[in-house]
Amino acid sequence: MIKIGLLGCGNVGHIIATHAESIQVTAVFDIIPGRAETLAALCHARPYTDFDAFMQEDFSIVVEAASVDAVRIYSEAVLRSGRDIAVLSAGALADDEFREHLIEVAREMGKKIRIPSGAIVGLDNLKVGQISPPTQLLLRTTKPPASLGMTAEAPTEIFKGLAHECIKQYPKNINVAVALGLAAGRDADVELWVDPAAERNIHELFVEGDFGDIYVRVRNVPSPDNPATSYMAALSILTLLKNLENPLVVGT
Ligand SMILES: NC(=O)C1=CN([C@@H]2O[C@H](COP(=O)(O)OP(=O)(O)OC[C@H]3O[C@@H](n4cnc5c(N)ncnc54)[C@H](O)[C@@H]3O)[C@@H](O)[C@H]2O)C=CC1
Ligand SMILES: O=C([O-])CC(=O)C(=O)O
């Protein structure tokens with residue numbers, strides 16, 4: 001059974017810990033001591049608020065479900081310790097210099113940086129963009145005001161521009177756009193909307209290329225403990241972990 005170290009004991013951390021049938025969570029880490037302790041008790045792991053002590057535990061992969069900042073701070077040390085890292089806060093990798101450096105470290109160590117599809121679908125075959133770049137790559141995200149921690153009287157576009165700029169303003173809401181761009185091989189265009197009538201986190205993908213065109217709409221149920229995060233994002237990382245050692249690999 002694969003042993004994981006969980007970095008981040010919030011909403012996704014709880015969903016991972018309570019669905020850990022094919023994985024063993026041996027250690028959990030959070031900057032908030034109470035969160036690490038509560039989660040550790042749930043999954044019979046050891047709690048840590050000290051990163052170096054956490055890294056002394058027995059696991060082969062760190063699962064990051066914390067924040068863009070946490071990826072920036074800890075991911076190089078994870079790779080240099082000889083472990084893989086699965087990164088849910090993919091927005092950290094929008095910074096070209098940081099991403100290229102991290103990839104170089106992973107290459108040097110023979111380790112992987114794994115980015116789950118998270119709260120969207122289609123990343124598998126959108127990778128064809130790495131061979132034949134898309135002429136259009138647009139993500140239109142619409143969230144209820146509560147998901148964005150704001151109020152709104154009417155549907156309002158609060159951002160229009162490139163993913164690497166959007167993630168700077170909304171690091172808890174638009175990691176999907178950065179993951180999309182990394183899959184398709186170019187920075188995605190983003191429209192971010194807040195809509196008081198929306199009950200779900202909606203992600204619409206508009207893609208065109210020499211293969212044809214694609215429209216995908218995902219209507220995500222917000223997580224019970226953090227409406228900014230769609231429940232599917234937690235399921236996605238659990239699925240990535242379940243399949244890590246599966247000899248049959250489905251999807252591009
Ligand atoms: N790629 C994707 O499709 C998606 C990515 N996400 C991202 O996944 C991450 C986790 O989401 P949730 O569990 O809902 O968030 P959350 O806010 O419920 O939990 C995050 C936990 O990480 C801890 N944390 C944050 N920064 C830390 C640091 N520097 N060191 C140690 N602990 C730290 C917090 O104290 C908190 O307990 C967020 O960054 C979120 O934006 C969320 C949804 C979709
Ligand atoms: O969960 C979602 O719908 C998307 C999200 O928060 C993110 O990408 O950061």
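All ligand and atom numbering here is 1-based and tracks the order in the structure. The analysis underlying the following values was restricted to heavy atoms, covering all of them including side chains, and did not include hydrogens, waters or symmetry mates.
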Inset, instruction - Consider only side-chain N and O atoms of Ser230 and Asn201, and report whether a donor and an acceptor are under 3.5 Å apart. - result: yes
Legend entry - Close approach of His203 to ligand 2, heavy atoms, under 4.0 angstrom: yes
Legend entry - Sub-4.0 Å atoms of ligand 2 with respect to non-hydrogen atoms of Ala119: 1 (O), 2 (C), 3 (O), 4 (C)
Inset, instruction - For the residue pair Asp124 and Thr252, confirm or rule out a side-chain donor-acceptor distance under 3.5 Å. - result: no
Inset, instruction - Answer yes if the side chains of Ser75 and Glu64 hold a donor-acceptor pair under 3.5 Å, and no otherwise. - result: no
Legend entry - Exercise: identify the closest heavy-atom pair between Lys111 and Leu79: CB-CD2, 3.9 Å
Legend entry - Pair Lys242 + Glu21: basic N to acidic O under 4.0 Å: no
Inset, instruction - Return yes when Gly118 approaches ligand 2 closer than 4.0 angstrom through a heavy atom, no otherwise. - result: no
Legend entry - First-shell residues of ligand 1 [heavy atom, distance under 4.0 Å]: Gly8, Cys9, Gly10, Asn11, Val12, Phe29, Asp30, Ile31, Ile32, Arg35, Ala65, Ala66, Ser67, Ala70, Tyr74, Leu88, Ser89, Gly118, Ala119, Pro171, Lys172, Asn175, Val176, Asn226, Thr229, Ala233
Inset, instruction - For Asn201, take its heavy atoms, then give the atoms of ligand 2 lying under 4.0 Å from any of them. - result: 3 (O)
Inset, instruction - Please work out whether the ring planes of Phe206 and Tyr215 are parallel, tilted or perpendicular, with thresholds of 30° and 60°. - result: tilted
Inset, instruction - Would you kindly say whether Asn175 and Ser89 are connected by a side-chain donor-acceptor distance under 3.5 Å? - result: no
